[in-house]
Amino acid sequence: MLRLRFAPSPTGYLHVGGARTALFNWLLARRSGGVFILRIEDTDISRSTEEAIEAIIEDMRWLGLDWDEGPEVGGDHWPYRQTGRAALYLEAAHGLLEEGRAYRCFCLPEELAERRERAAAEGRSPMYDRRCRDIPAEEAAGMEKEGRPFALRFLVPEGETVVEDLIRGDVAFSNAEIEDFVLLRNDGSPTYNLAVVVDDLEMRVSHVVRGDDHLPNTPKQVLLYRALGAGEPAFAHLPMIVGQDGKPLSKRHGDVSVGRFREMGFLPEAMVNFLALLGWSLDDSTTLIDRETLVANFALERVSSKPAVWDDDKLTWMNAQYIMALGDEELARVLMPVMVGAGLIAADDEEARERLQRAAPLIRERIKVLSDAVPLLAFLFGEVEVVDDSRELLRGDENVSILRETGKRLLELGRFASSDIETSLRDMADELSIKARKAFQPIRVAIAGSKVSPPLFESMEILGREKCMQRIARALETAREG
RNA sequence: GGCGCAUUAGUCUAGUUGGCCUAGGACGCCGCCCUCUCAAGGCGGAGAUCGCGGGUUCGAAUCCCGCAUGCGCUACCA
C-alpha cells in the first residue's frame with residue numbers, strides 16, 4: 001500500500017508550486033488506492049502561523065485534494081504537525097548519540113557564521129570543520145553538565161551515497177561533500193532533516209514526492225534513515241516551476257497563491273488540470289484532462305525532469321474551456337458569489353438570482369474567468385452608464401430615428417420575448433434600409449451602455465420591457481443634449 | 001568556490017529501449033468563414049538547422065565527452 005504525504009510549512013499561503021506537489025502526491029495515492037497524508041511542517045516556530053495552516057487547508061479543500069490522515073481528519077500517527085512530536089525526534093537523536101553516530105557540538109551559531117564567512121573569503125570550503133567531534137565523551141558530558149549549550153550533529157560516514165530517484169534515476173553524492181549537519185539545535189528543537197526522516201519513518205511513508213530543491217538534501221536523509229536502522233522510502237523529485245523568464249516563480253511573476261486564483265474566478269477543475277500538466281503529460285496530444293482521467297492515468301514515469309514553466313495564457317484559456325463545459329445551473333451557481341462580491345446582487349435577492357440564471361448562458365462563451373462576468377452583466381443588475389466612446393452612437397439623425405422607432409416597436413410588441421424582439425427590429429432595419437449590424441449598435445449602447453455586450457435580444461428579454469423603454473428614452477435624452 | 005539538476009518554435013510541451021521525426025499536440029499570433037457587438041466555433045497559415053562543439057554509429061533531438069547558460073543546494077530555514 002502506497003503512503004504519500006504533502007508536508008507544507010505554514011509560513012504563508014499555499015502557492016501554486018506547493019499545490020502542484022500536493023496534487024501529484026494525491027494523484028499517486030488515489031491512483032494506487034493508497035493513503036494521502038497531510039502533515040504540517042512547523043519546526044520553524046517563529047515563522048509558522050495558525051492562519052497559514054487554515055489557509056492551506058482551505059485551498060487544498062477547494063482544489064478537491066482530500067487527505068486520509070492529517071489535521072481535521074485524524075489518523076494513527078497523530079499529531080500530524082511537528083510541534084507535538086518533539087519526543088519522537090529527541091528519542092531518535094539520543095539513540096544516534098549513544099551509538100556514536102552523532103556528537104555534541106558546542107560551537108555557537110555566531111562563531112560558525114563567522115568561520116563560514118572567513119572560509120568563503122579565503123576560498124576555502126565553508127563546511128563545518130568537525131572540531132567538536134573529537135572531544136572525548138566524558139569531557140563532552142561534563143560540559144553538558146556545566147550547562148553549556150550544544151547542538152547535536154550527525155556524523156557523516158565516509159563513502160558515497162546514491163539517491164535512487166524515480167524521475168531522475170540514480171544521483172550519486174560523495175559523502176565528503178556533506179558536512180556533519182545539525183540534528184538538534186542548541187535549544188533542543190529538531191531541524192528539518194531530522195524531523196522529516198523521523199516523521200516519514202513513523203508515518204510509514206512509502207514515497208517521498210517533493211520539489212527538486214530538496215534533491216541535494218536527500219543524501220543526508222538517506223544517511224539518516226540508514227543510521228536509524230531503517231530502509232529509506234522511494235524518492236521522486238519534481239522539477240521546479242519557473243516563470244517565463246526561467247526564474248523560480250515568485251510574486252514578481254504576478255499571482256502565485258492558489259487563493260488569488262480562486263478569488264479571480266478560476267475553477268478548481270481547471271487549476272487541477274493545469275497543475276497536472278506542469279511537468280507531466282498524458283500523451284503527445286491531450287491537453288484537457290478531467291480529474292477521473294488524471295487519477296486513472298497519472299504516473300511518475302511520465303513526469304519530466306526539466307523545469308515546468310508557468311503559462312498564464314494557457315491557464316486562462318483552459319479555465320475558459322472548463323467554464324464552457326458548465327451547465328446553465330452550475331454556471332449560475334458559481335457566478336452568484338462573484339456577483340454578490342461585486343455588489344451587483346444582494347445575497348438574498350431571489351429575483352436577481354433568477355435573472356442571473358437566465359443571463360448566465362449568454363456569457364458562458366464570453367468569459368475566461370468568473371470575474372469577467374461582472375462588467376458584462378452589470379447592465380442587467382443596475383443602472384447603466386454609457387461609456388464615453390460609445391456616446392457617439394446615440395447621436396446623429398439616423399441613430400435617433402432608430403432609437404425612436406425601436407421604442408415604438410417595443411411598446412407595440414405583444415410578447416416581450418427575444419425572438420419577437422429580433423423579428424420586429426430586423427423588420428425595422430429593413431424598412432429603414434439600414435444593415436442589421438449598423439442598426440443594432442445604437443440600441444445596444446442604449447440598453448447595455450456599451451458597444452460590447454451579451455446578445456442583444458436575449459438581454460432585452462431578461463431586462464424586461466419597462467427597463468428597456470426607460471433606457472431607450474434615456475438614450476434619446478442624451479442624444480438631444482448633444 | 002564545491003556539489004547537483006536542466007537546456008526542443010514567442011510560450012507550454014510530446015518524443016520511455018537511437019531509425020515510423022521530412023520533429024506531433026496545445027497556447028498565443030496572422031488570414032478567411034460564420035455573425036446583432038464581443039466571444040465561441042470551423043478552415044487555413046507563419047513559426048524549431050532539437051543551447052554550442054566534438055565523438056560513437058550505416059543512422060542521434062534521443063548515447064558519450066567538453067563548453068556555455070540557467071536554476072537549486074551548500075544554514076542551529078524548510
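Given the structure is predicted, the values throughout are model-derived calculations rather than measurements. Convention: sequence-line order gives letters A, B, ...; per-chain numbering from 1.
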Check your understanding: Checking side-chain contact (heavy atoms from CB on, under 4.5 Å) for the pair A:I402/A:Q441: CA distance, chi angles, key distance, verdict?
Key -> CA-CA 10 Å; A:I402 289 169; A:Q441 275 309 73; over 6 Å; no
Candidates [options] - which lies nearest the side chain of [X]:
| X | options | answer |
| --- | --- | --- |
| A:E365 | B:U37, B:A39, B:A78 | B:A39 |
| A:R168 | B:A6, B:C36, B:G15 | B:A6 |
| A:D44 | B:A78, B:G15, B:C76 | B:A78 |
| A:R185 | B:G41, B:C76, B:U11 | B:C76 |
| A:F457 | B:C73, B:C36, B:G4 | B:C36 |
| A:R437 | B:G72, B:U37, B:G24 | B:U37 |
| A:H214 | B:C76, B:A78, B:C5 | B:A78 |
| A:V309 | B:C76, B:C12, B:A75 | B:C12 |
| A:D284 | B:A6, B:U37, B:G24 | B:G24 |
| A:R366 | B:C38, B:A14, B:A78 | B:C38 |

Between [N] and [M], how far is it from one [atom1] atom to the other, in whole Å?
| N | M | atom1 | answer |
| --- | --- | --- | --- |
| B:G53 | B:A60 | P | 15 Å |
| B:A75 | B:U57 | C1' | 49 Å |
| B:C29 | B:A39 | P | 10 Å |
| B:U8 | B:G15 | P | 14 Å |
| B:C52 | B:A14 | C1' | 24 Å |
| B:C33 | B:C38 | P | 14 Å |
| B:U7 | B:U16 | P | 13 Å |
| B:C32 | B:C50 | C1' | 33 Å |

Next on the checklist: Taking the six-membered ring of A:Y128 as reference, does the cationic atom of A:R153 (NZ for Lys, CZ for Arg) lie under 6.0 Å from its centre and within 45° of its axis?
Outcome noted: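 A:R153 over A:Y128 ring: yes.
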Within 45 degrees of the ring normal and closer than 6.0 Å to the centroid, is that where the cationic atom of A:R20 sits relative to A:F24? yes
Please tell me if [X] has a side-chain N or O lying less than 4.0 Å from either OP1 or OP2 of [N].
| X | N | result |
| --- | --- | --- |
| A:S305 | B:C5 | no |
| A:S125 | B:G2 | no |
| A:K368 | B:A40 | yes |
| A:R104 | B:C76 | no |
| A:S453 | B:C38 | no |
| A:R47 | B:C77 | no |

What one should report as the nearest heavy-atom pair of A:V156 and A:D180 is N-OD1, 2.9 Å
If every non-hydrogen atom of A:A446 is compared with every non-hydrogen atom of A:I472, which pair is closest and at what distance?
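Minimum heavy-atom contact is CB-CD1, 4.2 Å.
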Both distances under 3.5 Å, Watson-Crick or G-U wobble: report the partner of [N], or none.
| N | result |
| --- | --- |
| B:U11 | B:A26 |
| B:C50 | none |
| B:G70 | B:C5 |
| B:U17 | none |
| B:U35 | none |

When A:T191 and A:A308 are each assigned the nearest nucleotide of RNA chain B, the 5'-most assignment goes to A:A308
- Of A:K247 and A:K314, whose nearest nucleotide on RNA chain B comes first from the 5' end?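 The residue closer to the strand's 5' end, by nearest nucleotide, is A:K314.
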message: Is any side-chain heavy atom of A:P233 closer than 4.5 Å to one of A:H207?
response: no
For a quick check of understanding: with a heavy-atom distance under 4.0 Å over all strands, which category does [X] fall into, base, sugar-phosphate or nothing?
| X | answer |
| --- | --- |
| A:P109 | base |
| A:R153 | sugar-phosphate |
| A:M127 | nothing |

Do NZ/NE/NH1/NH2 and the carboxylate oxygens of A:R118 and A:E114 come within less than 4.0 Å?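 Result for this pair is yes, salt bridge flagged.
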field: base_contact_polar (B:A78 base, A:N217 side chain, donor-acceptor, <3.5 Å)
entry: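 Such a pair exists between side chain and base.
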Does A:W280 have its ring centroid less than 6.0 Å away from the ring centroid of A:F298?
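A:W280 vs A:F298: aromatic centres under 6.0 Å.
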